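So the structure is just underneath, and the comments pick up after that.
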Amino acid sequence: LCNESSHSLNMLFGELPLEFKISNILLAKSYSQKLELINCFYSDKELDYPIVEDIEIDENGSADSANLEILSRNEHVRWVREKIKLGWKYGISGIDFSSIEERNNKKLHNCLIPYELLTEEDKNKDREAIKNIIPMLRKMGSNIKVYRLPYEPKPSIIVAGIGHRYIKDDTSIIKTKVKKILTDLCLKYNVIVGSSYAYGADQIIAECANELNLMTQAILPYPYDDFIKYVKDDAVMNGIQYTSEDEMHLRLLLAQTMNCESVKKEQGDVFEMASIHNINRCNKLIAIWDGKELPLNDENNNPINRGGTYDCIIRAKELGLKEETDIFVIKCNRE
């Protein structure tokens, strides 16, 4: 089961270090949630449902790599969250990653990054963990089978998170409101939260999603490393103390995304384009906003204040999202 290293794959469970044992147990416990994502479940009872022999085969018997890709990304996110809860951080310098003991003692790992940035070797570890689900279930009990449900799962929706970067209000109060909105939506939908991960509201909403164990996706104005630097430089320029802990927090937030994309510079203003991408693909919108309707054109009718919170709300309405049912505004005060 263990996908930590090729060495540990060949070890018996009893020979694994304690943390690897825990990781294997948590991976096994995640099977039911993973299967639910592809409208399947496992049982040791004989049921009159289609039996799934291979996760890469769809309900029509055709090869389908989409399930493997979705579940591999899901497994990476699960593993990242597991590591974060155990106190691990991202790190690449001053450590011998071939030494399991040293890596465990320092609790640093170079794979605490978005799935897209993993090497193919590391992606294959997640893929193998998914391919092993059915074989491992059979080992747990000869009568265990994976079944496909004959009805449609809860529909998936994307909830875009937007808002101001610098907020005066108590963030714990804001987070309680965000979580209430997301929890209510989860009753009817499989919720994925999208954000551009700017300082402030974007990250607050992403934190809420992670704490509710929801999947997230990032649409960044710059490539990953450039974005990390931009957020720090922007905070410093605005008089905000930005520490190495803040940077690590952002890195670990991004490591928990199912998808992490960046817009292309030639498309126009990168911040506006990131906002447009975020709004264009969403079904619902959470905005942490002070309520001020800024002008979107100057006296010469040139566009201004584009890509900001108010502009995003207007765009969402133009795309058909409605207030109260689709657009959820949490009022705040800006610094």
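What you are looking at is a predicted structure, and each value in this text was computed from that prediction instead of being measured. Computation of the quantities below employed the complete heavy-atom set of this structure, encompassing side-chain atoms and omitting hydrogens, waters and symmetry-equivalent molecules.
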If every non-hydrogen atom of [X] is compared with every non-hydrogen atom of [Y], which pair is closest and at what distance?
X      : Y      : value
Asp311 : Gly307 : OD2-N, 2.8 Å
Met215 : Val77  : CE-CG1, 3.8 Å
Leu250 : Tyr197 : CD1-O, 4.0 Å
Asn190 : Ser156 : ND2-OG, 2.8 Å
Ile205 : Gly161 : CD1-CA, 3.5 Å
Tyr242 : Ala235 : CD1-CB, 3.8 Å

Residues that Tyr224 engages under ring-ring contact (aromatic ring centres under 6.0 Å, His included), provided they are two or more places apart: none

Can you name the residues that form a ring-ring contact (aromatic ring centres under 6.0 Å, His included) with Tyr222, not counting sequence neighbours? Tyr230, Phe271

Side-chain touch [X]/[Y], heavy atoms, less than 4.5 angstrom:
X      : Y      : value
Arg78  : Leu26  : yes
Cys208 : Leu182 : yes
Leu253 : His249 : yes
Lys89  : Ile84  : no
Ile288 : Ile167 : yes
Asn210 : Thr216 : yes
Tyr31  : Ile134 : no
Asp298 : Asn305 : no

Same cluster (ILVMFWY, side-chain, under 4.5 Å), [X] and [Y]:
X      : Y      : value
Ile192 : Leu285 : no
Leu37  : Phe41  : no
Met136 : Ile144 : yes
Leu86  : Trp79  : yes

Basic-acidic side-chain contact under 4.0 Å: [X], [Y]:
X      : Y     : value
Lys154 : Glu36 : no
Glu116 : Arg73 : yes
Lys125 : Glu75 : no

Kindly compute the distance separating [atom1] ([X]) from [atom2] ([Y]), expressed to the nearest 0.5 Å.
X      : Y      : atom1 : atom2 : result
Ile130 : Asn67  : CD1   : CG    : 10.0 Å
Ile314 : Leu321 : CD1   : CG    : 12.0 Å
Leu214 : Cys186 : CG    : SG    : 4.5 Å
Ile313 : Trp289 : CD1   : CH2   : 4.5 Å
Gln217 : Cys282 : CD    : SG    : 10.0 Å
Ile219 : Asn278 : CD1   : CG    : 4.5 Å

Closer than 3.5 angstrom, by distance alone: can the side chain of [X] be matched with the main-chain N or O of [Y] as a donor-acceptor pair?
X      : Y      : result
Ser72  : Lys123 : no
His76  : Pro114 : no
Asn283 : Ile158 : yes
Lys177 : Val329 : no
Asp290 : Cys332 : no
Thr243 : Glu245 : yes
Asn74  : Ile70  : no
Lys284 : Thr325 : yes
Thr119 : Asp122 : yes
Thr257 : Leu254 : yes

Is the Trp88 ring parallel, tilted or perpendicular to the His109 ring (thresholds 30°, 60°)? tilted

Tyr147 vs Tyr49 aromatic rings, parallel, tilted or perpendicular, using cut-offs 30° and 60°? perpendicular

Does the side chain of [X] come under 3.5 Å of the side chain of [Y] through a donor N or O and an acceptor N or O?
X      : Y      : value
Arg315 : Asn280 : no
Glu82  : Ser23  : yes
Thr171 : Lys175 : no
Arg138 : Asn143 : no

Looking at [X], I want to see if its [atom1] is surrounded by more than 12 non-hydrogen atoms of other residues, nucleotides or ligands under 6.0 Å.
X      : atom1 : value
Lys139 : NZ    : no
Asp48  : CG    : no
Glu120 : CD    : yes
Glu323 : CD    : no

Under the salt bridge (Lys or Arg N to Asp or Glu O under 4.0 Å) rule, what pairs show up with a residue in residues 228-238, not counting sequence neighbours? Arg165-Asp234, Lys229-Asp233

Side chain to side chain donor-acceptor pair (under 3.5 Å) between Asn39 and Arg148: does it pass, once the steps are laid out? CA-CA 6 Å; Asn39 211 29; Arg148 192 182 309 278; over 6 Å; no

